[in-house]
Each structure stands twice: as C-alpha cells, then as structure tokens.
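Following: one structure in structure tokens, then a few remarks.
Nothing here was measured: the structure is a model prediction, and the numbers come from that model.
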Amino acid sequence: MGLVNISLHRPRALWARWDTLPFLFLQGINLVVILAGCFSSTPDSTVESRKDSVPWWIPCRPPLLCALAIPVLLGVQVIVHLGTFWSVDFKSFVTMIRVSDISAATCVKVHPRKATEKAGICALERITLKDHDGFAAQVASFEFHKRRFLR
C-alpha cells in the first residue's frame, strides 16, 4: 500500500467556510430586500400608490423575488453541504485551508496509490518518540487505513 499524494490542511472557522459564508451573505441581502419592500410604503397608502413607489422587483407581501430566492438558496446550500460528504477533495476545498508548514497543519488529505481504496482526511497527531539514549524527538503522524505514517 502506498500513497500518491499527501497535502497538509487546517480547518477554516465556521463562518469562513465556503458552505456557510456566501449563503450568509446572500440571505442577508435577501432579508434587506424583503425589509426594503415591506417598509418602503406607508401603511395607509393604497395599492395603486404602492405600485408607483416600489420597484417591480420588490413587491410587498410577500416579495416575489425573495420568496423564490429563499428555497433556491437553501437548495443550493444543501447540495453544497452534501457535497462535503460525497467528495474528499470538495470537502478539503470548502472546509479547509491548505498550508505548507507542518506545524500549522492539523489535518492531512491522503490519496492512496490503488484506485480501489478511498481517499481520506486524517487528523495529524504530534507524538514524542524517545530512543534508547533518552533523546526525545517530536514527530507528526497520522493513521490511514489502519496504518500509521510518521513524518
């Protein structure tokens, strides 16, 4: 069993992940449009005067564009979130940052040599090894397919 590719990663903050941040931003814009459409006219105005003062894309009660955008955004967000379970490469792209220094890494993305084995993301552990002379060295290791790899 061999490894083709190993890359070092660290997780992103929850708010900075690609399956969270764009959707928070778009849902915030959606909320602003809803509030702008509902509060742009006075309560005692008639329907005809409201149609003149509010743009066609912000109708009040309920805003049509926003009513369509909510399920579309939620559907896309669910597909993106499920994609993190379906693909290891997509999960590492969406939820992690690639690093070049092993001291900054907390996870390792591993691609095995055999095509029949699955790629995976493993936790990177720091282990202190001692030799027979009493010298200690700290090494990074991870376990992949019931085998431990040292660096």
Side-chain angles (χ1 to χ4, degrees), residues 1-41 50 54-151:
M1 179 183 145
L3 302 177
V4 173
N5 187 13
I6 297 174
S7 58
L8 302 171
H9 297 272
R10 69 175 171 84
R12 296 179 191 262
L14 182 62
W15 62 269
R17 291 170 39 161
W18 287 107
D19 61 345
T20 306
L21 182 64
F23 298 105
L24 285 176
F25 180 71
L26 291 173
Q27 292 289 11
I29 289 175
N30 196 17
L31 180 65
V32 167
V33 170
I34 288 174
L35 294 176
C38 289
F39 294 116
S40 65
S41 60
R50 255 191 282 162
V54 180
W56 66 270
W57 55 273
I58 306 181
C60 192
R61 292 193 188 103
L64 181 62
L65 181 66
C66 298
L68 294 175
I70 289 172
V72 169
L73 285 174
L74 288 176
V76 171
Q77 187 172 9
V78 165
I79 295 296
V80 169
H81 183 69
L82 287 174
T84 62
F85 292 101
W86 295 333
S87 170
V88 172
D89 292 324
F90 188 70
K91 181 177 184 172
S92 67
F93 171 73
V94 170
T95 64
M96 298 181 180
I97 298 172
R98 190 172 183 161
V99 295
S100 58
D101 187 20
I102 197 164
S103 62
T106 59
C107 300
V108 178
K109 181 176 72 171
V110 182
H111 288 280
R113 185 173 307 275
K114 291 184 181 178
T116 57
E117 295 177 349
K118 286 187 168 185
I121 296 177
C122 306
L124 190 61
E125 302 171 2
R126 303 320 192 245
I127 299 175
T128 303
L129 297 177
K130 294 182 183 176
D131 62 0
H132 62 281
D133 294 333
F135 293 109
Q138 188 170 5
V139 296
S141 70
F142 62 94
E143 187 174 330
F144 181 67
H145 289 254
K146 298 184 181 180
R147 289 189 174 179
R148 181 151 304 271
F149 294 90
L150 300 174
R151 166 96 169 118

- [ ] Working to the nearest 0.5 Å, report the span between CZ of R12 and CD1 of I97.
- [x] 4.5 Å
Task: From NZ (K109) to CG (L8), nearest 0.5 Å - done: 11.0 Å
Open item on the list: As a quick check of understanding, evaluate side-chain contact (heavy atoms from CB on, under 4.5 Å) for H111 and D89, giving each step before the final call.
Closed with: CA-CA 10 Å; H111 288 280; D89 292 324; 3.1 Å; yes
Task: Derivation and outcome, side-chain contact (heavy atoms from CB on, under 4.5 Å), residues I121 and M96 - done: CA-CA 11 Å; I121 296 177; M96 298 181 180; 3.6 Å; yes
Open item on the list: For K91, give me all partners under salt bridge (charged side-chain N to carboxylate O under 4.0 Å, His left out), at least two apart in sequence or on another chain.
Closed with: none
Taking every non-hydrogen atom, the tightest pair across [X] and [Y]:
X    : Y    : answer
V99  : A104 : CG2-C, 4.3 Å
R98  : H9   : CA-ND1, 3.6 Å
V110 : C122 : CG2-SG, 4.3 Å
P11  : T106 : CD-OG1, 2.9 Å
P112 : A119 : CD-CA, 3.7 Å
W18  : F93  : CD1-O, 3.7 Å

All N/O donor-acceptor pairs, side-chain side in residues 70-84, below 3.5 Å, sequence neighbours left out:
{"unit_1": "Q77", "atom_1": "NE2", "unit_2": "D19", "atom_2": "O", "d": "3.4"}
{"unit_1": "T84", "atom_1": "OG1", "unit_2": "H81", "atom_2": "O", "d": "2.5"}

TODO: Verify the neighbour count for atom CZ of R10: are there more than 12 heavy atoms of other residues, nucleotides or ligands below 6.0 Å?
DONE: no
Open item on the list: Other residues, nucleotides and ligands only: do more than 12 of their heavy atoms fall within 6.0 Å of CH2 on W86?
Closed with: yes
Task: Modelled atom types, side-chain donor and acceptor of D101 and S103, under 3.5 Å - done: yes
